[in-house]
Amino acid sequence: MTNLKIYNTLNKKKETFEPIKPGKVGIYVCGPTVYDACHIGHARSVVVFDVIVRYFRAMGYEVTYVRNFTDVDDKIINRARELGISTQELSERYIREFYEDMDALKVERATVEPRATDHIDEIIDVIDRLISRGYAYKAGGDVFYAVETFKGYGKLSGRRLAEMQAGARVKVDEKKRNPFDFVLWKAAKPGEPMWDSPWGKGRPGWHIECSAMSTHFLGRHFDIHGGGKDLIFPHHENEIAQSEGAFGEPFVNVWIHNGFVRINQEKMSKSLGNFLMIKDILKEYHPEAVRLFLLSNHYRSPVDFTDQAMAEAEAGLEKIYALLQRIHGTLGSSDFGGDEQGPGALWASFCQAMDDDFNTARGIGLVFETVRQLNRFMDDMGEKAGQEDQARLVLTRADLMRIGGVLGILTETPDQFFEQKKADRLKREGIDTALIERLIAERARARQEKDWATADRIRDELSAMNILIEDRAEGTSWKVK
RNA sequence: GGCGGCAUAGCCAAGUGGUAAGGCAGCGGUCUGCAAAACCGUUACACACCGGUUCGAAUCCGGUUGCCGCCUCCA
C-alpha cells in the first residue's frame, strides 16, 4: 500500500511497515494517568500520534486507534486524598480537562478510549494467566511478575538485568524475589479503591492495565504501540513481559516513541517549576501554531519550547493563511469547493517525507517552499489569470489543504483565521476598533489630498497603538502587531 | 556504573554515500508617495574534533570532546 518506513525502538532501525492484516492498522498509545492537568509534553505525544493516525488514514488504511486513560494509580490516590475527593471524582475531572485541551488542539478522538477501571476483569485474567504459566507469584496479597522467568526481558530497552543497579534510588520491596520484579496486583489498603480478585481484594499495579486493554481491543498481536520515550523502561518493557508471558505470542510489531519537550533548554520538572500547561499556552498562542511548532521537529528529537520558537510558528501559520487568502482573492468568487482536485505533486512530495518515519519537519519545509513559489507565481501573473493559472492554484491549494488535514492545521477559512486573530489581539490589548477605523478613514482622506505628512502622522499614531497598516490596491487593511 | 540519543550558518531545523531543504533574524533591491505585505538577491565556500573505509562522507566505521535522556513517577 505504501513505502512507509518507521523507526522501531525494538530493533533500533527504520523498517518498512507491514501491517498484520492488509489494509488495516491496530495502534495503541499510552494515554495519561489522570491526576493532573495536561502539559505541553502530553500535547506533543498526543499530537504526534494524532498525525501518525491521520496519515495512515490518508494512505487508505483502516485504523483502530486505542488510547487509554489510567485512572487507578498511587498518584491518583494520593492526590485525591490531598483534595479530599474520591479517586473517581479526581480522574473524571482530569479526563474532562484532557478532552478540553485536546479538542482545543484539534486532536481527533481515538477509536476507543478505555479506562483501566472499566477493564478490571481483563486485568485479572491476564494476571491469572501469568500465574498459571509460571511468570508471576503471589506474596501476601500482592502478585509480582518474576522478571527472570521471561527470557526476552530487556529486549526493548536494551538493558540486561545483571547490569542494572537495582534499588540505587529506591528501596526494594523485600517480598520481591528479584529487585526488578514488579507488582501486578496490590493488596487492598484501607481507603483505597479495591476490587475482588482470586488473590483477595486489591487493585492493579501500573503496567498491567495497558497489557489488558491493548490486547482486549486489538488482539494479542497487533501492529503499533506508542508513547513517550520515558515509557520505554520500565513501562513498555514490562508490558511486553506481561503480554507475551500471558499469551505466548509476539505482542507488538513496531514500537514508536516520541521525544521530550524542553522549556528554554531545561527539562520540565516539578522542582524547576517550569511545567507549561496546555491551557495556559493556548491563552497565548493559536492552537494550530502549537501544532505547527510541535511538528516542526522530527518526533523523536527533543523540541525546545521558547517564546521565539512559538513566535516563529505563529508567523509561519499566518504566512500560510495569508497565501490561502490571496489565492481566494485571485480566483475570485467563482471558486468554491474546487478542492476535490488532485492529488498533485506537492502531495506526492509530502507523502515521500511522511513515508520516511513521519518526517513532518521536512513536510512543513515543503509547505513553506510552496507558499513562496505560489506567491511568486501570483506576483508574476498580474491581472490576467488564465485558465491554466487558475487550475494550478486550485490544484496546489487542494494539496495544501490535504496536507493541513494530516497535520491538523488550516482547518479555518483564512477570513475566519484573521478575524479571530484580530479579535483576540484587540481584546488582549484593549483596543477600540471604531477609533482605528476612524483614523484610517482620516488618513485615507489625507492620502487622497497627497497630504503625506498627515497620513504618516496618523500611521505613526496607529503604530504606537500596535496597529500595522497595509495599503493595497483594494484599500487599506490593518492588523494588530 | 549500565543503556540510549544529540552535535549542520547569528538562531531554529531537514538531510544517512555524490558535494547541503525550509523557517526566523540582518543587509541590499523590486514594488510603494513613504511604508507594510509579497518577491528577488545576499549574509551562507554552515555539517564538534581526530583518524579510517571509499573514486567520492555531514551521511559508514573507530576514537575524542561537549550536551542531554532513561535506569524512581513522568508524554
Side-chain angles (χ1 to χ4, degrees), chain A residues 9 12-14 29-33 35-36 38-49 73-75 78 154 156-171 180 206 226-235 237 257-262 265-270 275 292-293 296-298 300-304 306 308-309 311-313 315-316 318-319 322-323 326 349 353 356 359-380 446-447 450-453 455-456 459-460 463 468-473 476-479 481:
Chain A
T9 309
K12 295 176 178 52
K13 55 183 188 228
K14 285 186 207 171
V29 176
C30 288
T33 298
Y35 72 104
D36 202 352
C38 290
H39 54 66
I40 183 69
H42 294 106
R44 184 178 197 194
S45 181
V46 173
V47 167
V48 161
F49 286 101
D73 166 272
D74 289 349
K75 293 191 296 294
N78 292 337
L156 180 70
S157 57
R159 287 158 213 272
R160 267 171 288 193
L161 284 169
E163 284 164 1
M164 289 193 283
Q165 288 188 331
R169 293 160 76 178
V170 156
K171 197 180 66 181
F180 288 101
W206 183 43
K229 265 195 161 95
D230 50 339
L231 296 178
I232 295 171
F233 190 91
H235 185 56
E237 194 68 65
H257 292 98
N258 66 275
F260 293 114
V261 178
R262 297 151 55 80
Q265 308 271 31
E266 282 178 328
K267 184 190 161 150
M268 280 195 290
S269 75
K270 298 269 187 211
F275 265 87
L292 195 63
F293 160 72
S296 64
N297 288 50
H298 187 88
R300 281 187 283 120
S301 307
V303 58
D304 197 19
T306 62
Q308 195 198 334
E312 284 179 17
E318 276 189 46
K319 196 169 173 156
L323 183 267
R326 189 176 177 189
S349 314
D356 185 10
N359 196 332
T360 52
R362 198 158 92 210
I364 289 167
L366 290 167
V367 169
F368 285 116
E369 203 177 350
T370 302
V371 169
R372 198 185 63 232
Q373 286 169 352
L374 284 191
N375 268 316
R376 182 184 189 172
F377 182 60
M378 285 186 281
D379 279 356
D380 294 347
R447 290 182 73 218
K450 302 214 188 297
D451 179 1
W452 308 125
D456 290 351
R459 184 169 59 201
D460 290 345
S463 176
L468 199 66
I469 295 286
E470 292 180 18
D471 294 327
R472 297 171 184 285
T476 298
S477 70
W478 59 277
K479 62 183 186 183
K481 277 191 227 170

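Each of B:A21, B:C39, B:C70 was ranked by its minimum atom distance to the side chain of A:Glu369; first place goes to B:A21. Minimum atom distance to the side chain of A:Arg326 is reached by B:A38, of the listed B:C40, B:G2, B:A38. With distances taken from any side-chain atom of A:Lys267 to the nucleotides B:C71, B:C39, B:G69, the minimum falls on B:G69.
Counting any heavy atom pair closer than 4.0 Å across all strands shown, A:Asn375 reaches sugar-phosphate atoms only and no base atom. Using a 4.0 Å heavy-atom criterion, one finds that A:Lys229 contacts no nucleic acid atom at all.
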What does nucleotides 9-18 of chain B look like as a protein-contact string, B for base, S for sugar-phosphate only, - for none, at under 4.0 angstrom between heavy atoms?
-> --S-SSSS--
Would you give a per-nucleotide map of nucleotides 29-36 of chain B, 5' to 3', where B means the base has a protein non-hydrogen atom under 4.0 Å away, S means only the sugar-phosphate does, and - means neither?
-> ----BBBB
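Spacing between B:A57 and B:G51 at atom C1', rounded to whole Å, works out to 14 Å.
Every residue was checked against the salt bridge (charged side-chain N to carboxylate O under 4.0 Å, His left out) condition with A:Asp451, not counting sequence neighbours, and none meets it. Every residue two or more places apart in sequence or in another chain that forms a side-chain contact (heavy atoms from CB on, under 4.5 Å) with A:Tyr35 is listed here: A:Thr33, A:Lys75, A:Ile76, A:Leu90. A:Asp74 is linked by a salt bridge (charged side-chain N to carboxylate O under 4.0 Å, His left out) to A:Lys186, A:Arg203, counting only residues two or more places apart in sequence or in another chain. The salt bridge (charged side-chain N to carboxylate O under 4.0 Å, His left out) search around A:Lys319 returns none, not counting sequence neighbours. Listed by chain and residue number, A:Lys481 satisfy the side-chain contact (heavy atoms from CB on, under 4.5 Å) test with A:Ser463 (two or more places apart in sequence, or in another chain). With sequence neighbours excluded, no residue forms a salt bridge (charged side-chain N to carboxylate O under 4.0 Å, His left out) with A:Arg44.
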Contacts table for residues 366-377 of chain A: side-chain donor-acceptor under 3.5 angstrom, sequence neighbours left out:
| residue | atom | partner | partner atom | Å |
| --- | --- | --- | --- | --- |
| A:Thr370 | OG1 | A:Leu366 | O | 2.8 |
| A:Asn375 | OD1 | A:Arg326 | NH1 | 2.8 |
| A:Asn375 | ND2 | A:Val371 | O | 3.3 |

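Applying the 4.0 Å criterion to OP1 and OP2 of B:C3, one finds that A:Lys12 has every side-chain N and O outside that range.
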